[in-house]
Amino acid sequence: MKKFFYFFLLGLFYSINSQLFKEPYYFIGPDEMHVYKQSHDTLYTSTTFSLQSFDEIDINKYKGHYKIWDIAEKQPDYLVVKLESLDSIPLTTDHYPIDRFSISIYKKKNINEYSIIRDISHLTKEAMINYKTDTIQLENNFEMSLYKLSYMKESLKLKKVKTKADADKINNELNNPKYLTIIENYKEHNKLPDPYAAILKATLINKACLNLGYTPIGASFAMGILNSDKKIKEKGNIIEGFYKNLIK
């Protein structure tokens, strides 16, 4: 699951030479978050439970490193992105496989959000360079949302999931038929590797939270704790500690 995210999120960076996107972008997963940041022609990626800015984090802590080969605009708001994994694969004799190249499609939703539409992975360098990107279907009814750091920090001002009543409210919201439509679109149109349906789960909970005025950050984590067998006080302490550590 983590490897998938590392291969992907190059499309946040529309220009290699000029830093059009100066902030990290985040995918709010069902447990941890995934953060992506460009520096010149390199994309750094990692998993995190923190909203620290990129400059505050030791560059060596970023687990994924990708070379940006090309970013091309297709129609208004769509980006076709080509990248190469720079990380060696451990415990194998083929540390840098020839199919370490990929192409991803992104859509600019608004000033705060990008969405990933499609991923074409396991390409050779030649296949990536010569890929006829004009033939790629851009429109899709299922996508994965990424939010920039400043928006993430603003969203923390929304209500937080701290009680069983909060969790129940979100679960009741998920019974609305409109979320069933998201599931059906996922089944029919999803073009993203998601073997454990983590993207689907995160998408459902994140949308439900925003629709109810809750921050989606930490919501899945808090709901898991609230539904556990831990004592009420212990649940509260764990959740408070989680939200406190987000902005350290």
Side-chain angles (χ1 to χ4, degrees), residues 1-21 24-27 29 34-46 62-90 92-110 113-148 185-200 203:
M1 180 65 188
K2 291 180 180 178
K3 184 178 179 181
F4 150 63
F5 290 109
Y6 295 159
F7 265 98
F8 242 144
L9 293 163
L10 180 272
L12 300 175
F13 313 107
Y14 175 67
S15 171
I16 295 176
N17 296 317
S18 62
Q19 190 114 9
L20 184 59
F21 298 91
Y25 271 70
Y26 288 77
F27 167 68
H34 299 258
V35 59
Y36 311 84
K37 173 64 177 169
Q38 179 190 1
S39 179
H40 305 294
D41 66 345
T42 303
L43 173 67
Y44 295 91
T45 70
S46 192
Y62 279 78
K63 299 177 181 178
H65 311 80
Y66 300 88
K67 178 180 178 179
I68 300 169
W69 277 80
D70 183 52
I71 303 175
E73 185 173 2
K74 298 290 184 181
Q75 301 180 14
D77 301 326
Y78 286 94
L79 300 173
V80 176
V81 182
K82 297 180 179 180
L83 73 163
E84 173 189 0
S85 172
L86 300 178
D87 298 303
S88 62
I89 300 177
T92 177
T93 57
D94 188 9
H95 298 296
Y96 296 96
I98 62 172
D99 63 346
R100 64 185 182 274
F101 301 85
S102 63
I103 299 173
S104 298
I105 311 300
Y106 294 81
K107 182 178 182 180
K108 186 173 183 179
K109 304 284 288 188
N110 52 58
E113 179 185 357
Y114 274 82
S115 62
I116 303 175
I117 306 296
R118 184 172 182 177
D119 172 61
I120 305 168
S121 59
H122 299 294
L123 298 174
T124 64
K125 179 179 178 180
E126 182 180 7
M128 179 196 70
I129 292 173
N130 296 326
Y131 201 98
K132 297 184 182 301
T133 57
D134 290 339
T135 66
I136 298 175
Q137 175 65 41
L138 298 178
E139 296 291 343
N140 200 325
N141 289 331
F142 183 82
E143 52 197 37
M144 188 180 84
S145 295
L146 313 170
Y147 301 100
K148 67 181 183 182
N185 283 337
Y186 173 87
K187 291 178 179 178
E188 185 175 352
H189 301 290
N190 178 46
K191 303 295 184 183
L192 308 174
D194 191 26
Y196 302 106
I199 299 173
L200 174 61
T203 298

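Note that the numbering runs from 1 along the sequence shown for the chain. Computed over heavy atoms, backbone and side chain alike; hydrogens, waters and symmetry mates excluded.
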Practice task
Output, in order, the C-alpha distance, side-chain angles, deciding distance and verdict of side chain to side chain contact (heavy atoms under 4.5 Å, CB included) for Asp194 and Tyr186.
Solution key: CA-CA 10 Å; Asp194 191 26; Tyr186 173 87; 2.8 Å; yes
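- Between the CG atom in Asp119 and the CD1 atom in Ile103 there is a gap of 9.5 Å [rounded to 0.5 Å].
- Atom CG of Leu83 sits about 11.5 Å away from atom CG of Asp41, to the nearest 0.5 Å.
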Exercise for the section: List the steps and the verdict of side chain to side chain contact (heavy atoms under 4.5 Å, CB included) for Leu79 and Ile105. Expected result: CA-CA 6 Å; Leu79 300 173; Ile105 311 300; over 6 Å; no
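- Here the closest heavy-atom approach between residue Leu86 and residue Tyr96 is recorded as O-CE2, 3.5 Å.
- Not less than 6.0 angstrom separates the ring centroid of Tyr147 from the ring centroid of Tyr26.
- Ionic pairing of Glu143 and Lys109 is present here: one or more N-O contacts between side-chain nitrogen and carboxylate oxygen are shorter than 4.0 angstrom.
- Rounding to the nearest 0.5 angstrom, the gap separating the CG atom in Leu43 from the CD atom in Glu84 is 13.0 Å.
- Contact between Val80 and Thr133 at its shortest, heavy atoms only, is CG1-CG2, 3.7 Å.
- By the side chain to side chain donor-acceptor pair (under 3.5 Å) test, Asp87 pairs with His65, sequence neighbours left out.
- In this structure, the side chain of His95 engages the main chain of Ile89 through a donor-acceptor pair within 3.5 Å.
- Between Thr45 and Tyr66, the shortest heavy-atom contact is OG1-CE1, 3.9 Å.
- For the side chain to side chain donor-acceptor pair (under 3.5 Å) test, residues two or more places apart in sequence or in another chain that qualify with Ser145 are Glu113.
- Counting non-hydrogen atoms of other residues, nucleotides and ligands closer than 6.0 Å to CD1 of Ile129 gives a total above 12.
- If you take CG on Asn130 and CG on Leu123, they are separated by 11.0 Å, rounding to the nearest 0.5 Å.
- Counting only residues at least two apart or in different chains, salt bridge (charged side-chain N to carboxylate O under 4.0 Å, His left out) contacts with residues 121-135 comprise Lys74-Asp134.
- Exactly one residue among Ile199, Leu200, Ile117 makes a side-chain contact (heavy atoms from CB on, under 4.5 Å) with Leu192. That residue is Ile199.
- Closest of all the heavy-atom pairs between Phe101 and Thr124 is CD1-C, 3.6 Å.
- A tilted orientation is assigned to the rings of His34 and Phe27, their planes being inclined by 30° to 60°.
- For His189, the side chain to side chain donor-acceptor pair (under 3.5 Å) partners are Asn141, not counting sequence neighbours.
- To the nearest 0.5 angstrom, Asn190 atom CG is 9.0 Å from Thr203 atom OG1.
- What you find for Ser121 and Ser102 is that their closest heavy atoms are CA-CB, 3.8 Å.
- Judged as a side chain to side chain donor-acceptor pair (under 3.5 Å), and not counting sequence neighbours, the contacts of Glu139 are Tyr78.
- Minimum interatomic distance between Ile120 and Arg118 (heavy atoms only, all atoms of both residues): CG1-NE, 4.1 Å.
- Atom CG in Asp94 sits 9.0 Å away from atom CZ in Arg100 (nearest 0.5 Å).
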